[in-house]
Amino acid sequence: MTSAETFVNVEVTASGNKTVVAEVEDLQGPSLTGTKNAMCEARASSNCNEEMEASRMSMNASGDSGKPPLVRPGSSSSFRPRSRQAYRRPQAPEAVFSAQRELRLASSSGAEAGAVLERTLADIGDTPESLKQRLCELRRARAALQGMGSGRTATVCVAHRTIAAIEHKMQLLLELAGCTATYKEVALKRDHLLQAIESNVGGETEDPELGMAARLDSFFADIRS
Amino acid sequence: MQHIAVVQAQVLLQQEGHAWALEVLARAKTVAMVAKEAAQRGVSNEHLPPRSSYNGYNNSSSVIGRMFALAIKLGVPKEHPHLQDAWKLAVELRLAEIQQVLQAEQVRAVRAAKWGDRGEALIEAASHVEAAVQAASDFGVSWEQLGALANATMDLQAEAARRLVAGQVEYSCGGSNAVCEASVKRANAAIEAAFAAGVPKDHQAIKEARRLVAQIRDDLNSNH
């Protein structure tokens, strides 16, 4: 996934000529998987919009295959609808990119969010503590980014998934740790438990009346005390 | 490949399971030894064990059974050799306990016969033995192992029918036709009840009971 999506519109006019229109749709959100990170970083620069706009205009001006241009500068016939064209996303401030970098570097090893997700799924040696630390870092970075109004970028979306995966794995590991601790606790009481069962050999048969008598004895003993 | 925490938990389960099985077997042997000594003391004692102690919650076999169940619940596999040994011990103890119940009931029936019992004590004895056999089956003892004891219950039922018919012979001897007819009806009812309880028709005691019924009928015919 690339954060800067480039729409290339090939429109056929009434005369059969083609017009290639390239439009930069989104400049926010660098790559999460790390495959096209450098490219996305470059596109995330502040003058990226202007360069793309210039490129588009030059293509329109020169025309396709030496043919006269079909689209005049300023004409909107070959562009996307006005409402969409009129919408221009705010320029990403440096703080947002800084927060995104922080989110990508959230893990202690500096892996990107997508890599953190893969590592979380594949790691067989992590502990609830290490997962908790990773989770805290990711949450903090995500919160910082969301606070800047960039809550829908691909980086944040993958961060959501990563956090969910870490939470689930941490919950499973915590449950396992709890069960293991309980099992160890019961194992420590092994002699006591088996002795309690064994001591019933030859005792009185369970009888409600006897149980009632014992209960009343206990009750009277409590009253006296 | 599994997570290291899962592997560690599996290793823990295996190690602790073995320890549990070992401990259960050791304690089962102790319980069995104590039960054996108690049974030897009981042979020399003329007092019969109370019926309330039959199939008790605190019988030796039940205690071992509870230890076994606890170990199983804690994850020890049923097939663990030590647990299997403990279970065999529990089954043997349960069979010995039923044997003890049977002997006690037979002694009670013999004593009741001396006091003029006409089969009622035997029927009660049979019901107690049957209940013990059923409890043992519920405990987990196989019917193959309980077969001989189940047959002993049938013997008690058949003997109860024979004794009741013999009592009717004595009762109707020299009596009127109405008395004889009533005795035949009671005798036939007792034999039918024995069949209903599962006694085979060719049982020796049943054959004897039928012979006695025929004797009452002969008396009835001779009166005519």
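Note that the structure is a prediction, hence the values are computed from the model and not measured. Just so it is clear, the values below take in all heavy atoms, side chains as well, and ignore hydrogens, waters and symmetry mates. Throughout, a chain's letter reflects where its sequence line sits, starting with A, and its residues are numbered from 1.
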Residue A:Lys169 excluded, over 12 heavy atoms near NZ under 6.0 Å
yes
Gap between atom CG of B:Leu70 and atom CG of A:Leu194 - 0.5 Å precision:
6.0 Å
Taking atom CH2 as the centre, does B:Trp143 end up with more than 12 heavy-atom neighbours from other residues, nucleotides or ligands that are less than 6.0 angstrom away?
yes
Contacting moiety of B:Val6, where chain A heavy atoms sit under 4.5 Å
both
Would you give the length of the straight line joining atom CD1 of A:Ile124 to atom NE2 of B:His3, rounded to the nearest 0.5 angstrom?
7.5 Å
A:Thr180 OG1 to B:Glu16 CD distance, which is reported to the nearest 0.5 Å
11.5 Å
For chain B, find which of A:Asp126, A:Thr127, A:Leu172 contributes the most heavy-atom pairs closer than 4.5 angstrom.
A:Asp126
Looking at OG1 of A:Thr182 and CG of B:Leu74, how far apart are the two atoms once the value is rounded to the nearest 0.5 Å?
11.0 Å
Spacing of B:Trp20 atom CH2 and A:Leu193 atom CG [to the nearest 0.5 Å]:
5.0 Å
Can you confirm whether more than 12 heavy atoms, excluding those of B:Glu120, are under 6.0 Å from its CD atom?
yes
Taking atom NE2 of A:His160 as the centre, report whether more than 12 heavy atoms of other residues, nucleotides or ligands fall under 6.0 Å from it.
yes
Can you tell me if CZ on B:Phe195 sees more than 12 non-hydrogen neighbours from other groups inside 6.0 Å?
yes
Answer yes or no: does atom CD of B:Gln14 have more than 12 heavy-atom neighbours from other residues, nucleotides or ligands under 6.0 Å?
no
Please flag which part of B:Ala19 lies under 4.5 Å from any non-hydrogen atom of chain A: side chain, backbone, both or neither.
both
Mind checking the CD1-CG spacing from B:Ile4 to A:Asp123? Nearest 0.5 Å is all I need.
10.0 Å
Go through the atoms of B:Gln8 and report whether side chain, backbone, both or neither lie under 4.5 Å from a heavy atom of chain A.
neither
Heavy-atom closest pair, residues B:Ala9 and A:Leu176:
CB-CD1, 3.9 Å
Should the pair B:Arg27-A:Glu198 be classified as a salt bridge under the 4.0 Å nitrogen-to-oxygen rule?
yes
